[in-house]
Amino acid sequence: EMDDDLDEAFSRLAQARTNP
Amino acid sequence: GGVGMPTGSYVAPKSVWLPAAKAKGLEISGTFSRRMGHIYMELSLMNKAMQVMTDFAIQFNRNSFGLAPAAPLQVNAPLTPNQTIEVSLPLNTVGPVMKMDPLSNLQVAIKNNIDVFYFSCLYPINMLFVEDGKMDRQIFLATWKDIPNENEVQFQIKECHLNADAVTNKLQSNNIYTVAKRNVEGQDMLYQSLKLTNGIWVLAELRIQPGNINYTLSLKCRAPEVAQHVFGAYETILKN
(Lines give C-alpha, C1' and ligand atoms only; values in the text may rest on other atoms or scores of the structure.)
Protein backbone atom coordinates (compact mmCIF):
# COMPACT_ATOMS: atom_id res chain seq x y z
CA GLU A 1 0.00 0.00 0.00
CA MET A 2 2.89 2.34 0.85
CA ASP A 3 4.41 1.43 -2.54
CA ASP A 4 1.16 2.50 -4.21
CA ASP A 5 1.30 5.79 -2.31
CA LEU A 6 4.87 6.40 -3.46
CA ASP A 7 3.98 5.54 -7.07
CA GLU A 8 1.15 8.04 -6.85
CA ALA A 9 3.43 10.68 -5.28
CA PHE A 10 5.94 10.38 -8.14
CA SER A 11 3.10 10.68 -10.66
CA ARG A 12 1.91 13.86 -8.94
CA LEU A 13 5.47 15.25 -8.90
CA ALA A 14 5.97 14.56 -12.62
CA GLN A 15 2.55 16.04 -13.41
CA ALA A 16 3.21 19.16 -11.34
CA ARG A 17 6.61 19.64 -12.99
CA THR A 18 5.10 19.33 -16.47
CA ASN A 19 2.17 21.65 -15.76
CA PRO A 20 3.24 23.94 -12.94
CA GLY B 1 35.90 7.87 -27.52
CA GLY B 2 37.29 6.52 -24.26
CA VAL B 3 38.45 3.09 -23.24
CA GLY B 4 35.56 2.37 -20.85
CA MET B 5 34.00 -1.08 -21.16
CA PRO B 6 30.39 -1.08 -22.40
CA THR B 7 29.00 -1.95 -18.97
CA GLY B 8 31.64 -0.22 -16.84
CA SER B 9 32.07 3.40 -15.88
CA TYR B 10 33.47 5.81 -18.41
CA VAL B 11 37.22 6.42 -18.47
CA ALA B 12 38.52 9.41 -20.45
CA PRO B 13 41.60 8.91 -22.65
CA LYS B 14 44.89 9.89 -21.01
CA SER B 15 46.09 13.44 -21.53
CA VAL B 16 49.51 14.98 -20.93
CA TRP B 17 49.64 16.43 -17.40
CA LEU B 18 53.36 17.19 -17.26
CA PRO B 19 55.30 17.78 -20.49
CA ALA B 20 58.90 16.52 -20.60
CA ALA B 21 60.18 20.06 -21.19
CA LYS B 22 58.92 21.09 -17.74
CA ALA B 23 60.23 18.07 -15.85
CA LYS B 24 63.79 17.48 -17.02
CA GLY B 25 62.68 14.80 -19.43
CA LEU B 26 59.92 13.10 -17.44
CA GLU B 27 56.60 13.15 -19.29
CA ILE B 28 53.46 12.22 -17.39
CA SER B 29 50.08 11.49 -18.97
CA GLY B 30 47.12 10.24 -17.05
CA THR B 31 43.44 9.77 -16.43
CA PHE B 32 41.19 8.55 -13.62
CA SER B 33 39.09 5.42 -13.39
CA ARG B 34 36.64 3.82 -11.00
CA ARG B 35 36.60 0.01 -10.88
CA MET B 36 34.69 -2.16 -8.41
CA GLY B 37 34.24 0.74 -6.03
CA HIS B 38 37.90 1.80 -6.11
CA ILE B 39 39.35 4.98 -7.61
CA TYR B 40 42.62 4.86 -9.56
CA MET B 41 44.93 7.43 -11.07
CA GLU B 42 46.14 5.78 -14.29
CA LEU B 43 49.57 7.12 -15.16
CA SER B 44 52.01 6.76 -18.03
CA LEU B 45 55.55 7.76 -17.10
CA MET B 46 57.85 8.32 -20.04
CA ASN B 47 61.57 8.92 -19.76
CA LYS B 48 62.59 11.42 -22.47
CA ALA B 49 65.89 12.25 -20.76
CA MET B 50 69.30 10.72 -21.40
CA GLN B 51 69.68 9.22 -17.94
CA VAL B 52 67.94 6.50 -15.97
CA MET B 53 65.11 7.56 -13.62
CA THR B 54 64.61 5.89 -10.23
CA ASP B 55 63.19 6.55 -6.76
CA PHE B 56 59.73 7.71 -7.81
CA ALA B 57 57.27 9.00 -5.22
CA ILE B 58 54.02 10.95 -5.43
CA GLN B 59 52.12 13.30 -3.14
CA PHE B 60 48.84 15.26 -3.49
CA ASN B 61 48.07 18.69 -2.11
CA ARG B 62 44.89 18.90 -0.04
CA ASN B 63 41.84 19.03 -2.31
CA SER B 64 38.04 19.38 -2.32
CA PHE B 65 37.21 15.70 -1.78
CA GLY B 66 40.21 14.49 0.23
CA LEU B 67 41.67 12.43 -2.61
CA ALA B 68 44.98 10.87 -1.60
CA PRO B 69 47.19 7.99 -2.77
CA ALA B 70 46.15 4.79 -0.97
CA ALA B 71 49.56 3.20 -1.62
CA PRO B 72 53.05 4.32 -2.65
CA LEU B 73 53.70 4.84 -6.36
CA GLN B 74 54.98 1.44 -7.54
CA VAL B 75 57.75 1.82 -10.10
CA ASN B 76 59.70 -1.35 -9.48
CA ALA B 77 62.51 -1.07 -12.02
CA PRO B 78 64.58 1.94 -13.14
CA LEU B 79 63.00 3.80 -16.05
CA THR B 80 65.53 3.81 -18.87
CA PRO B 81 65.72 6.48 -21.61
CA ASN B 82 62.82 6.19 -24.10
CA GLN B 83 61.01 3.74 -21.83
CA THR B 84 57.36 4.23 -20.81
CA ILE B 85 55.64 2.47 -17.94
CA GLU B 86 51.98 2.34 -17.00
CA VAL B 87 51.15 2.65 -13.33
CA SER B 88 47.75 2.31 -11.68
CA LEU B 89 47.81 4.26 -8.43
CA PRO B 90 44.95 3.38 -6.03
CA LEU B 91 43.38 6.40 -4.34
CA ASN B 92 41.20 6.92 -1.31
CA THR B 93 39.14 9.91 -0.18
CA VAL B 94 40.30 10.19 3.44
CA GLY B 95 43.06 12.75 2.84
CA PRO B 96 43.02 16.38 4.01
CA VAL B 97 40.20 18.50 2.55
CA MET B 98 40.40 22.04 1.21
CA LYS B 99 37.90 23.43 -1.27
CA MET B 100 39.69 24.12 -4.54
CA ASP B 101 38.82 26.41 -7.42
CA PRO B 102 37.85 24.80 -9.75
CA LEU B 103 36.33 22.23 -7.41
CA SER B 104 37.96 19.20 -9.05
CA ASN B 105 41.46 20.67 -9.27
CA LEU B 106 44.19 18.36 -8.00
CA GLN B 107 47.76 19.56 -7.38
CA VAL B 108 50.33 16.80 -7.56
CA ALA B 109 54.01 16.60 -6.67
CA ILE B 110 56.08 13.79 -8.14
CA LYS B 111 59.72 13.14 -7.39
CA ASN B 112 62.41 10.98 -8.90
CA ASN B 113 66.21 10.77 -8.54
CA ILE B 114 66.57 13.96 -10.63
CA ASP B 115 64.21 16.47 -8.98
CA VAL B 116 60.69 17.19 -7.66
CA PHE B 117 58.07 18.30 -10.20
CA TYR B 118 54.61 19.80 -9.77
CA PHE B 119 51.53 19.68 -11.95
CA SER B 120 47.77 20.19 -11.75
CA CYS B 121 45.01 18.09 -13.24
CA LEU B 122 41.22 17.96 -13.10
CA TYR B 123 39.47 14.76 -12.08
CA PRO B 124 36.03 13.93 -13.47
CA ILE B 125 33.54 14.13 -10.61
CA ASN B 126 31.92 10.82 -11.65
CA MET B 127 34.96 9.06 -10.12
CA LEU B 128 33.38 10.09 -6.83
CA PHE B 129 29.88 8.65 -7.48
CA VAL B 130 29.54 5.78 -5.01
CA GLU B 131 27.89 2.40 -5.66
CA ASP B 132 25.21 2.87 -2.98
CA GLY B 133 23.89 6.10 -4.48
CA LYS B 134 20.34 4.89 -5.08
CA MET B 135 18.16 6.90 -2.72
CA ASP B 136 15.12 5.31 -1.10
CA ARG B 137 12.04 6.51 -3.00
CA GLN B 138 10.28 7.96 0.02
CA ILE B 139 13.42 9.83 1.09
CA PHE B 140 13.85 11.07 -2.49
CA LEU B 141 10.37 12.63 -2.51
CA ALA B 142 10.88 14.23 0.90
CA THR B 143 14.36 15.52 -0.01
CA TRP B 144 13.18 16.88 -3.36
CA LYS B 145 10.50 18.91 -1.55
CA ASP B 146 12.87 19.91 1.22
CA ILE B 147 15.63 21.37 -0.96
CA PRO B 148 14.60 24.96 -1.77
CA ASN B 149 13.79 25.92 -5.36
CA GLU B 150 16.69 28.39 -5.33
CA ASN B 151 18.99 25.36 -5.17
CA GLU B 152 17.58 23.89 -8.38
CA VAL B 153 19.79 24.34 -11.43
CA GLN B 154 18.71 23.50 -14.97
CA PHE B 155 20.90 22.45 -17.87
CA GLN B 156 20.38 21.37 -21.47
CA ILE B 157 22.07 18.19 -22.63
CA LYS B 158 22.21 18.84 -26.34
CA GLU B 159 22.04 16.40 -29.23
CA CYS B 160 21.47 13.18 -27.38
CA HIS B 161 19.91 10.32 -29.30
CA LEU B 162 19.37 7.68 -26.61
CA ASN B 163 15.97 6.54 -25.40
CA ALA B 164 15.00 6.55 -21.72
CA ASP B 165 16.02 2.91 -21.15
CA ALA B 166 19.44 3.36 -22.77
CA VAL B 167 19.97 6.52 -20.71
CA THR B 168 19.02 4.68 -17.52
CA ASN B 169 21.43 1.81 -18.23
CA LYS B 170 24.32 4.03 -19.23
CA LEU B 171 23.95 6.24 -16.19
CA GLN B 172 23.55 3.25 -13.86
CA SER B 173 26.90 1.87 -15.07
CA ASN B 174 28.31 5.13 -13.71
CA ASN B 175 26.48 4.99 -10.36
CA ILE B 176 23.68 7.40 -11.30
CA TYR B 177 20.50 5.55 -10.36
CA THR B 178 16.96 5.95 -11.65
CA VAL B 179 14.64 5.98 -8.66
CA ALA B 180 11.40 6.46 -10.62
CA LYS B 181 10.25 6.96 -14.20
CA ARG B 182 7.03 8.59 -15.31
CA ASN B 183 5.56 9.40 -18.70
CA VAL B 184 3.57 12.62 -18.79
CA GLU B 185 2.02 13.78 -22.06
CA GLY B 186 4.46 11.66 -24.03
CA GLN B 187 7.62 12.87 -22.33
CA ASP B 188 9.74 10.66 -20.09
CA MET B 189 10.61 12.06 -16.68
CA LEU B 190 13.44 10.20 -14.95
CA TYR B 191 14.03 10.85 -11.26
CA GLN B 192 17.58 9.97 -10.35
CA SER B 193 20.01 10.09 -7.46
CA LEU B 194 23.74 9.88 -6.90
CA LYS B 195 25.95 10.18 -3.86
CA LEU B 196 29.47 11.57 -3.71
CA THR B 197 32.22 9.97 -1.64
CA ASN B 198 31.85 12.73 0.97
CA GLY B 199 28.17 11.86 1.49
CA ILE B 200 26.68 14.70 -0.56
CA TRP B 201 23.51 13.59 -2.38
CA VAL B 202 22.44 14.98 -5.75
CA LEU B 203 18.86 14.57 -6.96
CA ALA B 204 18.05 14.87 -10.64
CA GLU B 205 15.11 15.08 -12.97
CA LEU B 206 15.93 14.22 -16.57
CA ARG B 207 13.26 15.15 -19.09
CA ILE B 208 13.24 13.47 -22.49
CA GLN B 209 10.65 14.79 -24.93
CA PRO B 210 9.69 12.85 -28.03
CA GLY B 211 11.35 14.24 -31.16
CA ASN B 212 13.60 16.57 -29.13
CA ILE B 213 17.31 15.66 -29.07
CA ASN B 214 17.91 18.17 -26.29
CA TYR B 215 17.22 16.83 -22.80
CA THR B 216 16.50 19.00 -19.78
CA LEU B 217 18.42 18.13 -16.63
CA SER B 218 17.29 19.68 -13.35
CA LEU B 219 19.58 19.16 -10.37
CA LYS B 220 18.78 19.68 -6.72
CA CYS B 221 21.55 19.53 -4.16
CA ARG B 222 22.30 21.10 -0.79
CA ALA B 223 25.76 21.97 -2.14
CA PRO B 224 24.81 23.75 -5.41
CA GLU B 225 28.45 24.30 -6.44
CA VAL B 226 28.68 20.62 -7.44
CA ALA B 227 25.78 20.98 -9.93
CA GLN B 228 27.89 22.26 -12.83
CA HIS B 229 30.31 19.35 -12.40
CA VAL B 230 27.50 16.80 -12.18
CA PHE B 231 26.04 18.23 -15.40
CA GLY B 232 29.47 17.78 -16.99
CA ALA B 233 29.46 14.15 -15.85
CA TYR B 234 26.00 13.54 -17.41
CA GLU B 235 27.21 15.00 -20.70
CA THR B 236 30.39 12.94 -20.72
CA ILE B 237 28.62 9.71 -19.82
CA LEU B 238 25.72 10.10 -22.25
CA LYS B 239 27.90 11.15 -25.18
CA ASN B 240 30.56 8.44 -24.85
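Chain letters run A, B, ... following the sequence lines, proteins first and then strands; every chain starts at 1.
With no hydrogens or angles considered, a side-chain donor-acceptor pair links A/T18 and B/Q187 at under 3.5 Å. A/D5 and B/Q138 are not linked by any side-chain donor-acceptor pair at a separation below 3.5 angstrom, with hydrogens and angles left out of the test.
Separation of atoms CG (A/L6) and CZ (B/F140) is listed at 12.0 Å; rounding is to 0.5 Å. The CH2 atom of B/W144 lies 6.5 Å from the CG atom of A/L13; values are rounded to the nearest 0.5 Å. Separation of atoms CZ (A/R17) and CE (B/M189) is listed at 6.5 Å; rounding is to 0.5 Å.
For CD of B/Q59, the number of neighbouring non-hydrogen atoms (other residues, nucleotides, ligands) closer than 6.0 Å is 12 at most. Applying the 6.0 Å contact sphere to CD of A/E8 captures more than 12 heavy atoms from other residues, nucleotides or ligands.
Contact annotation: the side chain of A/Q15 approaches that of B/E185 to within less than 4.5 Å [non-hydrogen atoms, C-beta and beyond]. Between A/D7 and B/R182, the closest side-chain pair of non-hydrogen atoms falls below 4.5 Å.
Between A/A14 and B/Y191 the shortest heavy-atom distance is CA-OH, 3.3 Å.
Interface residue B/R137: backbone and side-chain heavy atoms are both found under 4.5 Å from chain A.
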